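Numbered from 1 within each chain, the chains take letters A, B, ... in sequence-line order. The model shown is predicted, which means the values in this text are computed figures rather than measured ones.
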2 protein chains.
Amino acid sequence: MTTIKDIAQAVGVSCTTVSNVIHGKTGRVSAETITRINEAIDKLGYVPNMSARSLVSSSSKVIGMISHLASNKKESIVEDPFHSAFIGSIEKTLRENGYYLMLRTVETTSDLINFLHNWNVDGLFCTGVFQDEFFEALTSLKIPVVLIDSYVSHPNICNVGLEDYEGGYTATRYLVDKGHKNIAFASPSIKEKGVVYERFQGYKDALKEASIPFRQNLVFEQELDTATTIALGTKLATRKDITAVFATADILAAGIMAGLNAAGKRVPEDISVMGFDDINLCQLTSPTITTIHQDAPLKGKLAVYFLMDKLENKPILKREVILPIHLVERQSVKSLYN
Amino acid sequence: MTTIKDIAQAVGVSCTTVSNVIHGKTGRVSAETITRINEAIDKLGYVPNMSARSLVSSSSKVIGMISHLASNKKESIVEDPFHSAFIGSIEKTLRENGYYLMLRTVETTSDLINFLHNWNVDGLFCTGVFQDEFFEALTSLKIPVVLIDSYVSHPNICNVGLEDYEGGYTATRYLVDKGHKNIAFASPSIKEKGVVYERFQGYKDALKEASIPFRQNLVFEQELDTATTIALGTKLATRKDITAVFATADILAAGIMAGLNAAGKRVPEDISVMGFDDINLCQLTSPTITTIHQDAPLKGKLAVYFLMDKLENKPILKREVILPIHLVERQSVKSLYN
DNA sequence: TTGTAAGCGTTATCAG
DNA sequence: CTGATAACGCTTACAA
């Protein structure tokens, strides 16, 4: 392991000078020394020891991407702890800016605090945070925090979100415009201040606007694992009154379609289905899925930009960015006006 | 930040003793001191500074999960939904053993070396490594390396893999047993010493065993993005000779099915399709996809166990573990014997 | 323009 | 049983 000291000796200068050159504090160093140091760095293959830096400088260049697991949830592919859609995008942007990404699951608030102290973590990403004790802990941290897909807000915290309300509204409105009146709402558990809650409000408002009474018995909340979603589909097949379903996730929509199919119902002839997210799957099912599109990689990228700005103490113009959605029309919804 | 020194002062002992107690070197410490130290640790909320530990002890508890990007590829670290399946499992197992997971994409060998030095990385996971210069670099590291889904081998390196050959054989054999003779092979680029290559061998051997001549014009290699896979499906629809397709990934199989469908072909009536992996998608398409099952979370877990054993210098019984596959029969394959 | 030296939090060596 | 003390690699006042 080549160290700064090795470079200093090779060149015949002090550690200070080497350190200064490395950090571009090149104002008070002669041009010649600079080149000689840089040559030595290349030749000897110097690589900074981040632990040492971190120890002395209270900046570690470590960014945590944490996922908060409510106590004993089972890990499944659906319940992907790391929201794989945008994590690649996050790692890339972070790396290009000289940061390192640590993935960590925490169960309790003190798990989080310990983790942050362990590595002197510089900044944090979290997804799907609710208004709870965990969020409170987040707000009192002294490091930048960027929340993704969370409807909790605080002056200390930046948010990257989606037009969830609009998405729910747009989807429902689309179904209404196609002549549907008995529209089921399928989603995971509708938690206050969560993305699903917002989509739910959009659903309800679209109904109200069309003077269609909201009925609680058209709301179906359940887990997103494959077996459960398929079961919901077969259950919906027995409900003669329902002509359309709005599912708040494509994976859920697909499961419902599979269940309907298994029960002998045809989509969209017998019942229409709308999804949300516009993942690849939507183009692979038969019929293809009409859905609300969102740009996950962009979400990741924006989240990083937010964090970088805060880390570099740039003025934060706004604490929040909301990505637009749009409807992608495919085959899973049928018009009742024919 | 509470440090060891704070604890030492509070209890009235030296740093050494505190450190010893923390590490269970409790042989030469009085029972009373131990409890007093532990109480202080709780009360003052001591959390170890990993950077400091790392600096002094040449073990950082950092494990890298690296993905090697061939320079100009756009794919990111978890572009493959299948990879994200076991990354959660890896983080969990690592965490339970006191380690931390860093995600990192590297393009060149020296990117890798630098990263390792930066953080004094204790161990490494890599997926899909081929016999190239990058692999050579891996073999000469002095830290434990566990390869996942890679068919390169070296005494210094552990492998966690799958019965890819058997998978290819089993899938093809199944199609043959159903009376198919003109069986297409669809996959991403077949690289020497890669998982796809193994599956390809299994395909060829199953044909040979059934005395069906191998035909290169039944082999289709292309990218796995949705548009391309669907295009392949429509292309296959024009090939009157083909009665079945073996795709080496479910995502590919689904795309092909969508393309066939779009071109007016019915699966499995007109053409049969087999997948590989058994991801959720297989149960969501219509028809559901007959496929080769593999256990991704188990793969992740075993990879971690391998690494832990090497990190703790436990005797390595075998350098390699190959997970079994099995066929899951669904609806996308039709028997020609009726 | 460059060097000295202290100190970050921890562990390890060696004395007491 | 316990405690000084050096060392890990680096940054940063402060000197020169």
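Across all strands shown, B:Val56 has heavy atoms under 4.0 Å from base atoms, whether or not it also approaches the sugar-phosphate. Nucleic acid contact for A:Ser51: none, since no nucleic acid atom lies under 4.0 Å from a heavy atom of the residue.
We find that A:Glu320 and A:Lys318 are not joined by a salt bridge, their nearest charged nitrogen and carboxylate oxygen being 4.0 Å or further apart.
When all heavy atoms of B:Ser60 and B:Met50 are compared, the pair lying nearest together is O-CE, 3.9 Å. Taking every heavy atom of both residues into account, B:Thr93 and B:Tyr305 meet most closely at CG2-CE2, 3.7 Å. The two residues A:Ser51 and B:Leu55 make their nearest non-hydrogen contact at CB-N, 4.4 Å.
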Query raised in the report: Stepwise, does the side chain to side chain contact (heavy atoms under 4.5 Å, CB included) test hold for A:Val47 with A:Thr2?
Result: CA-CA 7 Å; A:Val47 174; A:Thr2 310; over 6 Å; no
Requested in this report: Decide yes or no on side chain to side chain donor-acceptor pair (under 3.5 Å) for A:Thr33 and A:Ser30, but give the supporting numbers first.
Outcome: CA-CA 5 Å; A:Thr33 312; A:Ser30 76; 2.5 Å; yes
Report task. May I have the step-by-step check of side chain to side chain contact (heavy atoms under 4.5 Å, CB included) for B:Ile63 and B:Leu311, ending in yes or no? Result -> CA-CA 11 Å; B:Ile63 303 299; B:Leu311 286 169; 3.9 Å; yes
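Between the CG atom in A:Asp309 and the CD atom in A:Glu312 there is a gap of 7.0 Å [rounded to 0.5 Å].
Nucleotides of DNA chain D that come within less than 4.0 Å of any heavy atom of chain B span, from the 5' end to the 3' end, D:dC1 to D:dG9. Put simply, chain A comes within 4.0 Å of DNA chain C, heavy atom to any atom, from C:dT1 to C:dG9, going 5' to 3'.
Within residues 14-24 of chain A, the residues approached by DNA chain C to less than 4.0 Å at the level of any non-hydrogen atom are A:Ser14, A:Thr16, A:Thr17, in residue-number order.
Contacts of A:Phe134 classified as ring pair (Phe, Tyr, Trp, His ring centres under 6.0 Å), with partners at least two apart in sequence or in another chain: A:His68.
If one axis is set at each end of the helix from C:dT1-D:dA16 to C:dG16-D:dC1 from five pairs, those axes are 40° apart, to 10°.
At least one donor-acceptor pair under 3.5 Å links the side chain of B:Asn156 to the backbone N or O of B:Thr139.
Applying the ring pair (Phe, Tyr, Trp, His ring centres under 6.0 Å) definition to pairs two or more places apart or across chains, those involving residues 90-120 of chain B are A:Tyr100-B:Trp119, A:Trp119-B:Tyr100.
In terms of position along DNA chain D, the nucleotide closest to A:Met1 lies nearer the 5' end than the nucleotide closest to the other residue of the pair A:Lys25 and A:Met1.
Environment of NZ in A:Lys142: crowded, with over 12 heavy atoms of neighbouring residues, nucleotides or ligands closer than 6.0 Å.
For the pair A:Lys193 and A:Tyr151, the cation-pi test (distance below 6.0 Å, angle within 45°) is failed.
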